[in-house]
Amino acid sequence: MSLHLSDDQLVDRLYGISDAGSEHLDRCPECQARWSHIQERRHQAVASTSASHQQLRKQRRQILSRISQPAPVLRLMWAPATAALILVAGLVITPPKAHAPVTPEPTIAETTEIGWFEDTYSATRVLEPRAATPIRQLFFPEGVAE
C-alpha cells in the first residue's frame, strides 16, 4: 500500500518546484481528485484577481503620491503632550489619601508552640551547606565574609 501525496507535495507540483510522486498521481484516483481540486482553486484565485491596466496605473499613481508626501508628524505630536498634561493635572489636582496606620494581627506562628518551634529552628539553622566551606575559604581566607 502506497501513501497518498500530501497537500504540500501537490502544491509544490502545482508551482513547478517538484515533480515527485508523478507515478503515484497517475495511478491513484483519490490523489487525482485532490490534484484537480487544487488546480481549480488556483484557477479561480488567479481569475478573480485580474485587474485592468487602468486600475493598476491608478493604484500605482496613488501609491507614488502617498510616498512623495511628507509624513504627517505634526498631527500626532500633540497626542503625547496632551497625555502628559492630563497626567500631571491629575496628579496635582488629586490630593494624596491619608492612610490609617495598620496594626498587624498576630499570626498563628506567634500564638502556638508550633510557631515557636519554627521560629527557633529558622533562627538557628545554617543556610549554607558544609561543602561550601572550602570554597568560601578560597575567596575569604581570613574568614571575613562580605
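Heads up: numbering here begins at 1 and tracks the sequence.
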Are [X] and [Y] close enough that some pair of their side-chain heavy atoms sits under 4.5 Å apart?
X: Q32; Y: R27; answer: no
X: W35; Y: L14; answer: yes
X: H4; Y: C28; answer: yes
X: R13; Y: L25; answer: yes
X: D7; Y: R34; answer: yes

Working to the nearest 0.5 angstrom, can you tell me the gap between [X] [atom1] and [Y] [atom2]?
X: S36; Y: L10; atom1: OG; atom2: CG; value: 10.0 Å
X: Q39; Y: Q44; atom1: CD; atom2: CD; value: 12.5 Å
X: H53; Y: R60; atom1: NE2; atom2: CZ; value: 10.0 Å
X: S18; Y: D8; atom1: OG; atom2: CG; value: 11.0 Å

Open item on the list: Grouping I, L, V, M, F, W and Y whenever their side-chain heavy atoms are under 4.5 Å apart, do I38 and Y15 come out in a common cluster?
Closed with: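 Same cluster: I38 reaches Y15 through Ile, Leu, Val, Met, Phe, Trp or Tyr contacts under 4.5 Å.
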
Open item on the list: So for atom CD, which belongs to Q54, do other residues, nucleotides or ligands contribute more than 12 heavy atoms lying within a distance under 6.0 Å?
Closed with: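 Atom CD in Q54 is not packed in, count stays at 12 or less.
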
Task: Backbone N/O of Q59 and side chain of Q62: donor-acceptor pair under 3.5 Å - done: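 No; zero donor-acceptor contacts below 3.5 Å.
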
